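Let me begin by presenting the structure, written as structure tokens, before commenting on it.
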Amino acid sequence: MSNLISEGASQTSGVERVPVVIRDQAQEIIASIAEEIGQAVKQSETADKPLVLGLATGSTPVPLYRELIRRHREEGLSFKNVVTFNLDEYYPLSPDHPESYHRFMRDQLFDHIDIPKDQINIPSGTAKREEVHEACRAYEEKIASYGGLDIQILGIGRTGHIGFNEPGSGPRSKTRLVTLDRLTKVDAARDFHGEHNVPRYAVTMGVGTIMAAKRVILMAWGRSKATVLRDAIEAEPVESLPASFLQAHDNVCFFLDQAAASELTRFRQPWLVGFPEWDNKLARQAVTELSLKIGKPLLKLLDKDYQENGLSELITEQGPAYDLNIRVFNEVQHTITGWPGGKPNADDTHRPERAVPAKKRVLVLSPEPQDDVLAMGGTLSRLAQGGHEITVAYLTSGSLGVPDEEARWAAELMIEAEEGIGSKLAKQVLAELKTKGESDNDSVQLRQFKGYIRRNEARSSLQACGVPSKCVTFLDLPFYEEGRYRRFKAGDTDRDLLLKLLNEVQPHQIFVTGEAGDPSSVQGISFSVFSEAYNQARQNVWVSDCYVWLYRSDGREWESHQIEMAVPCSPDELRTKAQAIYLHRSQRSQVPILDEEKTEVWELALERNRTTANNYDKLGLAEYEAIECFVRWS
Ligand code: GLP
């Protein structure tokens with residue numbers, strides 16, 4: 001990825017309509033935002049007025065809150081002169097509910113700093129319906145009574161919402177009761193143990209309330225936000241994307257990590273906004289995009305096509321089209337291999353994997369059970385057929401993803417299978433499920449039981465791919481066992497457990513995912529645990545002979561120009577893959593899908609593999625049923 005990084009107001013391209021700051025990792029950005037807040041806090045101490053801070057929830061601000069807590073503890077940063085106003089709260093929801101924003105703010109920030117309780121303001125999720133309007137008005141008045149918000153911290157939802165200002169919110173909207181968008185509820189479903197438990201409504205500050213803040217800081221991490229950010233930053237402001245209204249703010253800044261910024265024109269099509277250096281990678285990106293955009297296979301592109309599509313500089317430098325087309329065609333062609341573990345006794349000069357050793361030790365790291373087969377079920381089958389020594393390691397148990405209904409089903413089955421005697425654990429599980437409220441945390445025992453469910457699903461799924469159970473290992477990393485969604489915290493023990501596995505297996509190949517995930521997601525954390533462990537392992541000999549392949553199981557597949565290894569799947573292989581994914585029973589949709597939309601994970605995964613194949617076909621390469629794809633990590 002190019003390292004075009006712009007600072008605040010100095011925008012590199014005319015396309016971006018707000019100041020944007022980009023860094024490789026969220027952590028690098030957090031320090032500067034915490035510094036800005038720290039400075040403002042200190043200035044307020046000398047002024048005769050408290051600092052009025054607008055705060056956000058969600059996983060995005062968690063690292064910022066951790067840094068503020070650290071500064072409070074280690075550097076004496078005091079919040080005694082700070083008044084806070086939170087953006088929003090679910091409605092109706094009690095402040096003690098584990099997913100309420102009241103509770104979230106206490107856990108993540110307020111309980112760890114010295115802010116007086118009466119200086120904390122969060123919209124109420126428990127006001128009577130007929131009193132909500134009045135409570136919202138009072139909230140606005142209270143903000144105004146302090147002279148307005150000095151700094152407003154924001155995240156962004158996948159619908160483009162800020163606070164809970166869903167699409168359709170007007171630029172002058174104020175604090176009010178809103179109905180949550182379907183996508184927002186889907187995103188919150190994991191936290192609430194199912195979409196049906198997510199409250200229908202929320203009370204949120206309006207877009208107008210946010211716009212009135214003197215300074216607005218929007219943060220976003222991970223690839224899942226990249227598309228909505230591109231629109232919020234580059235497109236005309238529209239009601240269907242409330243974050244785009246921030247373009248009109250005179251002191252706003254978007255702070256993004258590289259993954260969240262990846263869809264911006266300066267990265268996607270840098271030739272449209274400047275004079276990029278045309279290395280091979282960028283040339284391949286431009287040529288494949290041109291081919292797909294105008295619907296012409298690579299080998300049929302003409303000089304004229306390049307010239308008419310903003311690529312005359314490329315064709316002048318590296319043309320004529322005939323030569324450039326062939327070069328890129330060959331590059332793409334060489335990504336295709338039916339031998340993901342390397343083809344024995346073959347010339348591997350242009351193959352993605354080495355021919356030697358013919359039998360490799362392959363380590364597949366899967367953040368949760370199912371990530372592996374979703375992205376690489378077909379590749380796993382091929383590796384198994386190739387006789388490679390495979391180890392599939394599940395980094396976390398995945399127990400948090402098992403609905404109670406599935407646990408009940410499994411416990412009842414156990415009891416019935418034991419002819420009414422039943423194991424102690426199954427009986428305890430059923431007893432807990434009987435009394436457990438929908439927002440209660442699972443006991444350690446229930447989490448363990450749900451973990452067993454996922455273990456068994458994972459084993460049978462891998463068997464469908466031809467990978468026997470003896471190849472499977474479950475790490476149950478502590479960050480997951482001790483945490484909950486959005487609040488995980490990895491430590492040295494996690495890294496050491498993985499390091500031990502790496503050194504035991506000494507792999508020639510590692511398949512891993514999560515490099516562009518939200519840093520607080522299971523995938524994102526799993527990847528950072530992996531990269532730390534791998535770095536520590538670097539002095540070992542096996543590392544110098546190891547290729548690390550990145551796969552994606554989060555629904556956002558690699559694009560044609562990025563792919564470095566493309567493993568085709570025949571129709572039969574794709575059926576096997578579908579079966580392998582389907583065997584993760586607890587991960588199937590819990591609610592029967594009534595509309596036409598494909599929402600089952602196995603359907604979506606297959607669709608992605610078909611799309612990749614279809615794109616290769618459109619580029620003029622061979623026509624495959626489906627393709628799984630990988631990028632090499634360096
Ligand atoms: C919720 C909150 C928003 C937040 C968004 C994104 O909808 N109301 O304020 O920005 O989630 O959440 P996350 O940061 O977890 O991606």
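Basis for what follows: all heavy atoms, side chains included, without hydrogens, waters or symmetry-related copies. Please read all numbers here as calculations on a predicted model, not as lab measurements. When a ligand or atom number is given, it counts from 1 through the structure's own listing order.
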Check your understanding: Looking only at heavy atoms, which two atoms of Phe164 and Thr184 are closest? And how far apart?
Key ->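 Shortest heavy-atom separation between Phe164 and Thr184 comes out as CE2-CG2, 3.6 Å.
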Check your understanding: Regarding His161 and Thr159, is there a side-chain donor-to-acceptor distance under 3.5 Å anywhere?
Key -> yes
Practice item. Check step by step if ring pair (Phe, Tyr, Trp, His ring centres under 6.0 Å) holds for His97 and Phe192. Key: CA-CA 10 Å; His97 189 287; Phe192 282 88; 5.5 Å; yes
Practice item. Please check if the distance between the ring centroids of Phe511 and Tyr551 is under 6.0 Å. Key: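 Ring-ring flag for Phe511/Tyr551: false, centres at least 6.0 Å apart.
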For ligand 1, which of its N or O atoms have a protein N or O partner closer than 3.5 Å, and how long is each gap?
residue: ligand 1; atom: 7 (O); partner: His161; partner atom: NE2; Å: 2.8
residue: ligand 1; atom: 8 (N); partner: Asp88; partner atom: OD2; Å: 2.7
residue: ligand 1; atom: 8 (N); partner: Tyr101; partner atom: OH; Å: 3.4
residue: ligand 1; atom: 8 (N); partner: Gly163; partner atom: O; Å: 3.3
residue: ligand 1; atom: 10 (O); partner: Ile156; partner atom: N; Å: 3.3
residue: ligand 1; atom: 14 (O); partner: Ser59; partner atom: N; Å: 3.2
residue: ligand 1; atom: 14 (O); partner: Thr60; partner atom: N; Å: 2.9
residue: ligand 1; atom: 14 (O); partner: Thr60; partner atom: OG1; Å: 2.5
residue: ligand 1; atom: 15 (O); partner: Ser59; partner atom: N; Å: 2.7
residue: ligand 1; atom: 15 (O); partner: Ser59; partner atom: OG; Å: 2.8
residue: ligand 1; atom: 15 (O); partner: Arg486; partner atom: NH1; Å: 2.3
residue: ligand 1; atom: 16 (O); partner: Lys225; partner atom: NZ; Å: 2.7

Exercise for review: Salt-bridge test for Glu74 and Arg70: reply yes if a basic N is under 4.0 Å from a carboxylate O, no otherwise.
Suggested key: yes
**Study point:** Glu368: salt bridge (Lys or Arg N to Asp or Glu O under 4.0 Å) partners, not counting sequence neighbours
**Key:** Arg190, Arg454
